[in-house]
Amino acid sequence: MSYADPTCPKCGATLTGVGGSVDPLFDLKVAAALIPMRYASLKKFLCRHKAMFPARYRLAGDRRRRRLLSVTGINKIRETVIRGPDRPTFDELLAQFDATLKFQAGGGPAVTGDPWSLPE
């Protein structure tokens, strides 16, 4: 989304740098519904990935802080959490991991997409 710079209503001068796009913020309950993810799971995910998602808060009417997530943060979490057709499933990841461990222990050949390749 791109927004045009606003103009002064009196003289018509362009006010550059004032009307940039602002990323909307959502509280964690709404963000959990958008991801989709349980509220408790989202809180745990954010605690584990503090460096990627710095905390932003607003004060609510009851003088409590409410954590907010931006749309870009929600999209990053969706990309991380939700598996698509181009990403392997959890069972496929486990099968690759088991095959790698078996190969490292001196067991059977590596099971990968290419039968001649060795696991890294």
Side-chain angles (χ1 to χ4, degrees):
M1 263 190 244
S2 65
Y3 296 97
D5 289 328
T7 57
C8 177
K10 282 193 167 191
C11 66
T14 304
L15 304 171
T16 58
V18 176
S21 63
V22 177
D23 210 11
L25 299 172
F26 297 100
D27 65 347
L28 292 187
K29 288 184 182 179
V30 176
L34 291 172
I35 289 175
M37 174 183 249
R38 287 188 0 238
Y39 178 76
S41 300
L42 178 59
K43 284 181 71 174
K44 189 178 233 181
F45 181 87
L46 291 172
C47 286
R48 288 184 178 170
H49 299 90
K50 288 179 187 177
M52 285 179 60
F53 305 101
R56 294 183 187 142
Y57 296 99
R58 73 169 172 89
L59 289 177
D62 56 354
R63 296 182 185 226
R64 291 185 179 217
R65 295 185 312 169
R66 303 281 185 225
R67 179 132 188 216
L68 302 173
L69 273 177
S70 65
V71 172
T72 55
I74 292 172
N75 288 335
K76 284 182 190 176
I77 295 172
R78 280 181 66 101
E79 290 173 2
T80 305
V81 173
I82 295 178
R83 300 218 176 260
D86 57 334
R87 297 184 67 186
T89 63
F90 185 70
D91 293 333
E92 292 170 351
L93 290 173
L94 282 179
Q96 290 176 357
F97 180 73
D98 289 340
T100 304
L101 287 179
K102 188 184 289 184
F103 179 77
Q104 288 175 350
V111 179
T112 60
D114 183 7
W116 302 107
S117 67
L118 298 175
E120 297 177 352

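Computation of the quantities below employed the complete heavy-atom set of this structure, encompassing side-chain atoms and omitting hydrogens, waters and symmetry-equivalent molecules.
In this structure, Asp23 CG and Thr72 OG1 are separated by 4.5 Å, a value rounded to the nearest 0.5 Å. The structure places CG of Leu28 at 6.5 Å from CZ of Arg67, a figure rounded to the nearest 0.5 Å. Note that OH of Tyr57 and CG of Asp27 are 13.0 Å apart. Values are rounded to the nearest 0.5 Å. Taken from NE2 in His49 to CD1 in Ile77, the straight-line distance is 9.0 Å, to the nearest 0.5 Å.
When atom types are taken as modelled, the side chain of Ser41 and the backbone of Met37 share no donor-acceptor pair closer than 3.5 angstrom.
Annotation: side-chain contact (heavy atoms from CB on, under 4.5 Å) contacts of Leu25 (sequence neighbours excluded): Arg56, Leu68, Ser70. Under the rule for a salt bridge (charged side-chain N to carboxylate O under 4.0 Å, His left out), the partners of Arg66 that lie at least two apart in sequence or sit in another chain are Asp62.
Note on Ile82: it does not cluster hydrophobically with Val30, by side-chain heavy-atom contacts below 4.5 Å among ILVMFWY residues.
Between Leu59 and Arg65, the shortest heavy-atom contact is CD2-CG, 3.9 Å. Heavy-atom minimum distance, Ala31 versus Phe26: N-CB, 4.5 Å.
Two residues are said to be in side-chain contact when any heavy atoms from C-beta on lie closer than 4.5 Å; Phe53 and Leu46 meet this criterion.
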